[in-house]
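Have a look at the structure below before the remarks.
All values below were derived from every heavy atom in this structure, side-chain atoms included, with hydrogens, water molecules and symmetry-related copies excluded. The chains referred to below are lettered A, B, ... by the order of the sequence lines, with proteins before strands, and numbering in each begins at 1.
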Protein chains: 2
Amino acid sequence: MDGDPVDFVGTVLSGMVSLTKIMPDGRTQMVAMLRQGNFLGHPYRAQTSYNAVASTPVVMCGFRREPFEKLLRKIPGLGQGLLEQSSKELDAAREWMLLLGRKTAREKVASFLIIFAREKVAQHPSLMQKRMHLDMPYTRAEMGDYLGLSLETVSRQLSALKNDGIVDPDGKRGVTVLNYAALLSETGDDADGGWLA
Amino acid sequence: MDGDPVDFVGTVLSGMVSLTKIMPDGRTQMVAMLRQGNFLGHPYRAQTSYNAVASTPVVMCGFRREPFEKLLRKIPGLGQGLLEQSSKELDAAREWMLLLGRKTAREKVASFLIIFAREKVAQHPSLMQKRMHLDMPYTRAEMGDYLGLSLETVSRQLSALKNDGIVDPDGKRGVTVLNYAALLSETGDDADGGWLA
DNA sequence: CGGTATGTTGACGAAGGTCAAGTAGGGTGG
DNA sequence: CCACCCTACTTGACCTTCGTCAACATACCG
């Protein structure tokens, strides 16, 4: 899925969609991970300059832009919800800017893993003490595009975290977190990671 | 100005405000440049984790959060405007993510200068052909925090661009753009820079 | 006139990118 | 069921880029 003039908005019902930006020479940066409930596309703005990539099978609920904007005008709560979500994404984007601009490779990889681990802990708090298996929907190359690293560096950092007994990459996409607290401390953030729920 | 629970929102009337994120060990990343008309603070969200820094003398029009949210509910157009602006800032943040994650130091500095030059060109299109003087509101260190670079690297890249006859840094905060087209081509973006107005 | 902020430049080192070789699964066709 | 292949992953060697440390220059301010 490609495209400049996007005449389409929608919410993700299931699966995971990534937005990426690409430079003329091919350098790629992922700029958003959209999950269940997230909104794709800008109301009131016809142009965007992203590419959307489905990292897993995705089901979306889509609208064409114009009818949707009409709907927006009719139902005030809708706009409020979108504003809230947009604010949240803006926060996430800025958190990611700190990561891209200032974190080391190790901190970047740890931060990436923590995103998924944190989510699982939120569902099952007891998991925090135990080994916790994560299924990453990304290849090393995609992680690299997310973190502003080469895929080799991602691989090396995962190996290093494994040597330190913090995680255990298994299989192609699996990662077992052996020590959540240690992983958290490798992110460079302070305890709660500056992540607001 | 510091602070977690922010009970305050407002728009910038004049001057320039920067939002920064800081890691526990002091590493700093600027995450937004707010100019005239930009909105500061999240309606519907009490917590943020930024620091706001005025780079120039600033005049703001502020509200406490609760009355403002009431106002929001009364005036539907207000919410729409905020949503549009939030979308714009999200786009800008993502553009910046590409810069932070994937651009070289030279491309970063050129992109930074182009932001200010582009704005001036938008006002006076004829300037594009001529030498164009910019007044940067930032020190080298602040530029570095914006670009995810050390201040020394910023300084070196400016010197390099000067040697190449593309810009001429003069005085402390002044930069004269000698060749707009060349500067643009140093950003790594394609012609229109992926920047939407 | 000295003092403090900011900026420049050089020397050096470390982090991470690039290139290249080799490994491990997982799926497909024989 | 096995051989093969393709893709993803790992690891090593090397090199580039950028950060760090330090010395010095410049400018602004009292």
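Residue B:G144 is out of contact with every strand shown, counting any heavy-atom pair closer than 4.0 Å. B:T139 comes within 4.0 angstrom of the backbone, heavy atoms only, and of no base. Within the 4.0 angstrom heavy-atom criterion, no nucleotide atom of any strand lies near A:L158.
Electrostatic pairing of A:R94 and B:E89 counts as a salt bridge here, judged by a charged N lying under 4.0 Å from a carboxylate O. Between B:D145 and B:R27 there is no salt bridge, since none of the side-chain N atoms of the basic residue sits less than 4.0 Å from a carboxylate O of the acidic one. Contact check on B:D164 versus B:R106 returns a salt bridge, with a Lys/Arg side-chain nitrogen under 4.0 Å from an Asp/Glu carboxylate oxygen. Looking at B:R140 and B:E152, no side-chain N of the basic residue comes within less than 4.0 Å of a carboxylate O on the acidic one, giving no salt bridge.
Rounded to whole Å, the distance from CG on B:L151 to P on C:dA5 is 15 Å. Going from atom CZ of B:R27 over to atom P of D:dG19 covers 12 Å, rounded to whole Å. Atom CG in B:L149 sits about 15 Å away from atom P in C:dG7, given to the nearest Å. Summarising the geometry, the separation between CD on B:Q157 and P on D:dT17 is reported as 10 Å, rounded to the nearest angstrom. Between the C1' atom of D:dG19 and the CG atom of B:D145 lies a distance of 14 Å, rounded to the nearest Å. B:R102 places its CZ atom 15 Å from the C1' atom of D:dT17, with the value rounded to the nearest Å. One can place CG of B:D25 at 11 Å from P of D:dT20, the figure rounded to the nearest angstrom. Summarising the geometry, the separation between CG on B:N163 and C1' on C:dT8 is reported as 12 Å, rounded to the nearest angstrom.
A glycosidic torsion no more than 90° from 0 defines the syn conformation, and C:dA5 adopts it.
For D:dT16, the base has no donor-acceptor partner in the side chain of B:R106 [N/O atoms by modelled type, under 3.5 angstrom]. Side-chain N/O atoms of B:E152 and base N/O atoms of D:dC21 include a donor-acceptor pair closer than 3.5 Å. Looking at B:R156, its side chain comes within 3.5 Å of the base of C:dG10 through a donor and an acceptor atom.
Of all nucleotides present, none satisfies the Watson-Crick or G-U wobble test against D:dT26 with each distance under 3.5 Å. Using the Watson-Crick or G-U wobble rule with both distances under 3.5 Å, D:dC15 pairs with C:dG16.
Considering only side-chain N and O atoms, A:S155 lies nowhere under 4.0 angstrom from the phosphate OP1 or OP2 of D:dC9. For B:S150, no side-chain nitrogen or oxygen approaches OP1 or OP2 of D:dT20 to under 4.0 Å.
Aromatic ring pairs are classed by plane angle as parallel below 30°, tilted from 30° to 60° and perpendicular above 60°; the pair B:Y138 and B:Y146 is tilted.
If you check D:dT10, C:dT8, C:dG17 against the side chain of B:S159, the one that comes closest is C:dT8.
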